[in-house]
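Hydrogens, waters and symmetry mates play no part in the numbers below; they use all other heavy atoms, side chains included. Remember, it's 1-based here, ligands and their atoms both numbered in the order they're listed.
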Amino acid sequence: MDIRKLVKKEVAGLRAYNAKEIPCRIKLDANESPYGFADAVKAVSGIRTNRYPDPEAKTLRQLLAKDLGVETGNILFGNGSDELIYYLITTFGGPVSYPVPTFSMYGIIGQALGEEKAEVPLDKEFDLDTDTFMDAVRKRKPKLIFLSSPNNPTGNCFSTDRILKVLEASRGIVVVDEAYQPFSSEKGMLPLLKDYRNLVIMRTLSKIGLAALRLGFMIADPGIICEVNKVRLPFNLNALSQAVASAALKRKKEFRASIRTIVSERGRLLEGLARIEGVMPFPSEANFVLLRVDDPDRVYASLLREGILVRNLNDAVKGCLRVTVGTPKENTAFLKALKKIARSSK
Ligand SMILES: Cc1ncc(COP(=O)(O)O)c(C=O)c1O
């Protein structure tokens, strides 16, 4: 029996998301934080393993709502924001529109669910090309638009006035994916939530030290939350993640300190990269830096030989690698290795 013949054509045509474990000494490929919350894990000690977790994650919901200054009814949790992308596309359907290059899961999930995709290239500065985007909005009438700001993998925020233009022109839902907002100098869209009924803001704890928990959330009008909640799988947030995240959220000082260190290290990384011949870093508002190099495949392989894992993006952004900001020691080791590799290519 040929199993592939049974598979939906949209799924057969997909390539699985590339999340392989590659052995390395310094892991700078997945935009995780180098700082965790080991202490918060103690919070799981009293959990009853025989019972299902709280389906509404009440404790965590209240903590988060207070922290964000929103109502508990404005929040929906996902097993990572990846799951929320699934839920949003399941709820609203396509066409699904997004600029490219961007986070690959919008396209992968859209295709898996059999929805039409409308991809719009970013402009030369990696900002939204409003003319082309508006054209796509008018012609394709997307039900859902995903805007990652700061954008993965380019690192920049889209101009607020351009995001607002898209929000105003769209008859569908506009999801501003703020996975990297904590590292940005921009305020993000939260202050505008009340002004736009079609705005969904998506955030995650993955980039600020809790990637292992798989915990994302969206903030939106309760009307939207209510519809998306219909497709949410029951008990999608396990009890251990709820407990650890609640304990970690009480340690705001630690969160803030690690974010400050990452932002300052990002500055040092950018300066160091700009000084290496044949390397061109792009400005970043996130916890990673996109850099153009002469021969990305060779540089990627040479770094890995030194035990340093970065992301090779040559397929999606010609000539580019993406490096996550690590600890000061890791960043120094990365810069030193890259300098040596660049020198050896002469
Ligand atoms: C822009 C963006 N959104 C969402 C995610 C997924 O986050 P989560 O770990 O919450 O699923 C990522 C992960 O890299 C991302 O870059």
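- Taking every heavy atom of A179 and a limit of under 4.0 angstrom, the matching atoms of ligand 1 come to 2 (C), 3 (N).
- With no hydrogens or angles considered, a side-chain donor-acceptor pair links T154 and N156 at under 3.5 Å.
- The protein atom (non-hydrogen) at minimum distance from atom 6 (C) of ligand 1 is D82 OD1, 3.3 Å.
- A salt bridge is absent between K339 and E277: the closest approach of a Lys/Arg side-chain nitrogen to an acidic carboxylate oxygen does not fall below 4.0 angstrom.
- Contact annotation: R214 has at least one heavy atom less than 4.0 Å from an atom of ligand 1.
- Looking only at protein heavy atoms, the nearest one to atom 7 (O) of ligand 1 is S81 OG, 3.1 Å.
- For residues 68-119, every residue pair satisfying the ring-ring contact (aromatic ring centres under 6.0 Å, His included) rule, not counting sequence neighbours, is listed here: F103-Y106, Y106-F146.
- For S33 (side chain) and I208 (main-chain N/O), no donor-acceptor pair under 3.5 Å exists by modelled atom type.
- Among V175, D177, L147, N31, the residue whose heavy atom lies closest to atom 1 (C) of ligand 1 is D177.
- If you number the atoms of ligand 1 from 1 as listed, the ones under 4.0 Å from a heavy atom of S148 come out as 1 (C).
- For T332 and R268, the side-chain atoms include at least one donor-acceptor pair closer than 3.5 Å.
- Set against the non-hydrogen atoms of S206, the atoms of ligand 1 under 4.0 Å away are 8 (P), 9 (O), 10 (O).
- Using a non-hydrogen distance threshold of 4.0 Å, K207 registers as a contact of ligand 1.
- Note on residues 272-321: pairs passing ring-ring contact (aromatic ring centres under 6.0 Å, His included), not counting sequence neighbours, are F126-F282, Y180-F288.
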